[in-house]
Amino acid sequence: MTLFISFVKRPKRLFQLLFLGGNCLSSSSMMNVSRPAIHPVDALPVAPTAGAIDRPPVRMKDVQGMPGTTGGLILRLSQFVPALISVSVMVTTSDFRSATAFCCLVLAVSLQSLWSLSLFIIDAYALLVRRSLRNHSVVQCFTIGDGVTSTLTFAAASASAGITVLINDLGQCNVNHCTRFETATAMAFISWFAVSPSFILNFWSLATH
């Protein structure tokens with residue numbers, strides 16, 4: 001009763017308690033609402049799509065004619081066979097030792113046949129086991145070998161062709177085996193012609209590595 005009388009006697013105090021207190025309470029609650037607590041949330045991992053899982057990785061295709069390809073295997077075989085024919089025809093000729101050019105041709109095409117046969121076996125093995133030979137050191141070795149053997153074969157074949165033409169011009173084919181000389185020289189040129197694509201492709205791959 002006494003508390004009621006005191007509020008009646010002090011209406012201004014009652015007004016402050018009822019209105020100002022409510023405003024302070026509402027403003028403090030609004031401040032709490034306007035400043036929410038921020039908690040860091042970890043990003044969810046993105047699941048790969050079905051297409052990305054099923055799609056195989058992209059691999060660079062080997063150019064046909066490069067080591068370890070079917071084209072390279074065919075090129076090595078086309079180098080080996082004419083070189084083998086050339087050295088066989090020249091060696092079976094009894095008087096090939098009379099000209100230095102013919103001796104050089106035998107040595108050059110013998111080296112060419114051994115080199116091409118070795119690379120033919122390597123290419124065949126690489127195709128069987130599905131192994132790539134696009135290694136910098138391997139390509140460098142193949143490029144140097146093709147360059148050396150092709151240069152020797154071309155030089156020896158050119159010299160032998162000059163000697164053969166000279167024998168024909170002198171009319172000495174009746175006492176010499178001109179047909180065998182011409183066949184051996186032609187096979188040497190064919191072998192050199194087949195080595196050129198291998199050398200160019202290997203050199204191009206080495207230059208663009």
Side-chain angles (χ1 to χ4, degrees), residues 62-124 126 133-134 136-209:
D62 292 336
V63 180
Q64 289 297 325
M66 295 292 297
T69 62
T70 306
L73 188 69
I74 295 174
L75 282 177
R76 297 304 175 185
L77 184 62
S78 62
Q79 297 162 17
F80 169 72
V81 173
L84 182 63
I85 295 174
S86 177
V87 69
S88 299
V89 171
M90 189 62 75
V91 168
T92 55
T93 305
S94 59
D95 55 348
F96 81 94
R97 295 182 181 87
S98 59
T100 306
F102 295 153
C103 297
C104 293
L105 181 65
V106 171
L107 294 176
V109 293
S110 298
L111 179 62
Q112 181 65 67
S113 61
L114 292 176
W115 173 255
S116 299
L117 179 61
S118 301
L119 296 190
F120 175 81
I121 295 173
I122 293 175
D123 287 343
L133 296 178
R134 296 293 300 275
H136 184 269
S137 300
V138 174
V139 175
Q140 185 178 12
C141 179
F142 287 179
T143 304
I144 295 174
D146 287 337
V148 171
T149 56
S150 62
T151 302
L152 292 177
T153 302
F154 179 76
S158 299
S160 299
I163 296 297
T164 304
V165 171
L166 179 62
I167 293 174
N168 285 328
D169 292 340
L170 295 177
Q172 299 296 324
C173 285
N174 53 350
V175 294
N176 292 284
H177 301 84
C178 290
T179 304
R180 287 177 174 270
F181 295 156
E182 292 172 355
T183 302
T185 303
M187 290 295 105
F189 274 116
I190 293 175
S191 180
W192 166 79
F193 184 77
V195 176
S196 299
S198 298
F199 173 74
I200 293 172
L201 288 174
N202 290 330
F203 185 79
W204 171 77
S205 176
L206 190 65
T208 57
H209 181 74

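Small disclaimer: the values here were computed from a predicted structure and weren't measured.
P67 has its side chain out of reach of I122: every pair of non-hydrogen atoms, C-beta onward, lies at least 4.5 Å apart. Between I163 and I167, the closest side-chain pair of non-hydrogen atoms falls below 4.5 Å. Annotation: side chain of V195 is not in contact with side chain of T153 (no heavy-atom distance under 4.5 Å). By the 4.5 Å heavy-atom criterion applied to side chains, H177 and D95 are counted as neighbours. Residues F96 and V89 have side chains not in contact (no heavy-atom distance under 4.5 Å, counting atoms from C-beta outward).
Side chain of S78 to main chain of L75: a donor-acceptor pair is present (N/O by atom type, distance under 3.5 Å, no hydrogens or angles). In this structure, S113 contributes its side chain and V109 its backbone to a donor-acceptor pair below 3.5 Å. In this structure a side-chain-to-backbone donor-acceptor pair under 3.5 Å is present from T164 to S160. Using modelled atom types, no side-chain atom of S205 and backbone atom of N202 make a donor-acceptor pair closer than 3.5 Å.
One finds the CG atom of L201 at 9.5 Å from the OG1 atom of T143 (value rounded to the nearest 0.5 Å). The line from CG of L105 to OG1 of T100 is 12.5 Å long, rounded to the nearest 0.5 Å. With rounding to the nearest 0.5 Å, the separation of OG1 in T149 from CD in Q112 is 4.0 Å. Distance check: L117 CG to Q79 CD gives 11.5 Å after rounding to the nearest 0.5 Å. Summarising the geometry, atom OG belonging to S110 is positioned 11.5 Å from atom CG belonging to L152; distances are rounded to the nearest 0.5 Å. Rounding to the nearest 0.5 Å gives a distance of 10.5 Å between CD1 of I200 and CZ of F203.
For D146, the salt bridge (charged side-chain N to carboxylate O under 4.0 Å, His left out) partners at least two apart in sequence or on another chain are R76. The ring-ring contact (aromatic ring centres under 6.0 Å, His included) test applied to F154 returns W192, not counting sequence neighbours.
At most 12 heavy atoms of other shown residues, nucleotides or ligands fall within 6.0 angstrom of atom CZ in F193.
Closest heavy-atom contact between W115 and G145: CZ2-CA, 3.4 Å.
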